[in-house]
Protein chains: 2
Amino acid sequence: MAKNADYQRIENPFAAPGHDHSSCIVSALDGAEATCARRGERLTPLRRQVLELVWRGHRPVGAYDLLALLQDERGRVAPPTIYRALEFLCDQGLVHRLDSLQAFIGCGHPGSHDEEHHHAAHFLICQECGLAVEMRDGQLDGAINGLAGRAGFTIADETVEISGLCAECQG
Amino acid sequence: MAKNADYQRIENPFAAPGHDHSSCIVSALDGAEATCARRGERLTPLRRQVLELVWRGHRPVGAYDLLALLQDERGRVAPPTIYRALEFLCDQGLVHRLDSLQAFIGCGHPGSHDEEHHHAAHFLICQECGLAVEMRDGQLDGAINGLAGRAGFTIADETVEISGLCAECQG
DNA sequence: TTCATGATGTTATATTATATCATTTCAGAA
DNA sequence: TTCTGAAATGATATAATATAACATCATGAA
């Protein structure tokens, strides 16, 4: 219950009455600026603009949807433009790609950008409302690491995407 | 150690000296026949042939690779043919799609086809040798279910694909 | 300034997947 | 057995996602 409340408050801004999305975007962008500055990476105007478009919602967005949004603001833009920006943002861990949806979403855990660039991201994805929330769970991390360890397997990358119905969309 | 040995013996036929792949294919096909018969589903010659092609290796195969293999045996065949066969096989849980690779692999757990059609499949994928092994782990299942349960989330589908280096490919 | 590097623009194309409608096959009803 | 409706397959076209290759531009260091 308490966990569920946290889940809504922190991760589910659309269901949380108090969510101020414009400040949410601003803080994501500010965090990205800081992260890139610290690393000596360049968050160029284009990359920043794409990140802003990704953050328009807390739902996954397709590359070609982003392309269309970018075209609204910049006139004709070709696919490589958006894909290169997304590649950079994913490399920096500022955006994640959801393989099961072939779509992209802003990273919900900006705090984790220091040590690890593209940290492991685990998602719950609601098939009804489209919301995708990034989860952190020690037990899950432990299970994955344990499983891999026992197999002598060294993890490079994790795709963990659980689809179904969120609490709000049941019934 | 014991776990790792099991992992190799059961799941990693290329590393297991005793692996008889032709009998492995036969048992996969026999199992599929039995499963479909029990359900009143039709494992047609085409579907059976596609399943056989999927089982040529224990590595993920792209739909268009399968299409090419099928064309070698049948002359000109169009994409919908292979996709429809794969859709059927995935629905029956005889094949899994690896979202992180956009590829398909034979299901390594034929025993689980009774209750659940497309059961949850969790993979370790070696980026070096390309081997993908389907894992079953109670702790992992527990962690996922616990996480979802606490969020009030009802699971419909799981994509869990851990990429990295298998024991044989380290160093 | 000049140069080297990385970022972006531009064109073309690769890769993966599906919509649509025609035709065939097959199991069960008559 | 033949008929028939549903499912499976064939065939054509196209959608959706992504990358290769090369030209141009911007930026910062020497």
Side-chain angles (χ1 to χ4, degrees), chain A residues 32-33 36-37 39-54 59-92 94-105 130 159 161, chain B residues 32-33 36-54 59-92 94-105 117 130 159 161:
Chain A
E33 292 281 10
C36 290
R39 291 181 186 155
E41 297 286 353
R42 296 170 55 194
L43 187 63
T44 62
L46 174 65
R47 290 165 174 174
R48 193 188 152 94
Q49 191 174 3
V50 171
L51 182 57
E52 197 171 335
L53 294 174
V54 168
R59 288 170 170 78
V61 205
Y64 278 74
D65 293 335
L66 289 167
L67 184 58
L69 293 171
L70 193 61
Q71 284 171 336
D72 288 345
E73 301 184 350
R74 298 202 155 208
R76 223 154 267 176
V77 171
T81 299
I82 206 86
Y83 279 102
R84 286 189 291 226
L86 288 170
E87 183 184 27
F88 172 84
L89 295 169
C90 288
D91 284 350
Q92 299 304 319
L94 301 169
V95 162
H96 295 298
R97 182 177 192 275
L98 295 174
D99 289 335
S100 64
L101 300 176
Q102 295 180 177
F104 300 83
I105 192 167
T159 297
E161 300 168 18
Chain B
E33 292 280 8
C36 290
R38 204 181 321 112
R39 290 181 187 155
E41 297 285 353
R42 297 169 55 195
L43 187 62
T44 62
L46 173 65
R47 290 165 174 174
R48 193 188 153 93
Q49 191 174 3
V50 171
L51 183 57
E52 197 172 334
L53 293 174
V54 169
R59 288 171 171 79
V61 205
Y64 279 76
D65 293 335
L66 289 168
L67 183 60
L69 293 171
L70 193 61
Q71 285 171 335
D72 288 345
E73 300 185 351
R74 297 203 157 208
R76 222 155 266 176
V77 170
T81 298
I82 205 86
Y83 279 102
R84 286 190 289 225
L86 288 169
E87 184 184 27
F88 171 84
L89 295 168
C90 287
D91 285 349
Q92 298 303 319
L94 301 170
V95 162
H96 296 297
R97 180 177 193 275
L98 295 174
D99 288 335
S100 64
L101 299 176
Q102 297 179 177
F104 301 84
I105 191 166
H117 278 210
T159 297
E161 300 167 18

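Letters A, B, ... are given to chains in the order of the sequence lines, protein chains preceding strands, and every chain is numbered from 1.
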Distance-only donor-acceptor test, A:Tyr64 side-chain atoms vs D:dA15 base atoms, 3.5 Å: no
Rounded interatomic separation in angstrom, taking CG from B:Asp99 and P from D:dT17: 14 Å
Nucleotide of C:dG9, C:dT20, D:dA8 approaching B:Thr44 most closely (side-chain heavy atoms): D:dA8
Nucleotide nearest A:Arg74 (side chain, heavy atoms from C-beta), chosen from C:dG9, D:dG10, C:dA17: C:dG9
Nearest to side-chain heavy atoms of B:Arg97, which nucleotide of D:dG10, D:dT17, C:dT16: C:dT16
Along DNA chain D (nearest heavy atom to each residue), the more 5'-positioned of B:Gln102 and B:Pro79: B:Pro79
Donor-acceptor side-chain pairing of B:Arg74 and B:Gln49 below 3.5 angstrom: yes
Nearest-nucleotide pick for B:Ala63, side chain only, options being D:dT9, C:dA17, C:dA7: C:dA17
Selection from D:dT9, C:dT10, C:dA17 that lies nearest to any side-chain heavy atom of B:Arg47: D:dT9
Base of D:dG10 paired with side chain of B:Arg84 (donor-acceptor, under 3.5 Å): yes
Side chain of A:Ala78 (C-beta onward), nearest among D:dT12, C:dT11, D:dA18: C:dT11
Selection from C:dT16, D:dA20, C:dG9 that lies nearest to any side-chain heavy atom of A:Pro80: D:dA20
Listed nucleotide nearest any side-chain atom of B:Arg42, set C:dC26, C:dA7, C:dT11: C:dC26
Distance-minimising heavy-atom pair for A:Pro60 and A:Ile105: N-CD1, 4.0 Å
Intermediate values then yes/no, side chain to side chain contact (heavy atoms under 4.5 Å, CB included), B:Arg42 and B:Phe88: CA-CA 10 Å; B:Arg42 297 169 55 195; B:Phe88 171 84; 5.8 Å; no
Any A:Thr81 side-chain nitrogen or oxygen under 4.0 Å from OP1 or OP2 of C:dG9: yes
Polar contact flag, side-chain donor to acceptor under 3.5 angstrom, B:Glu161-B:Ser100: yes
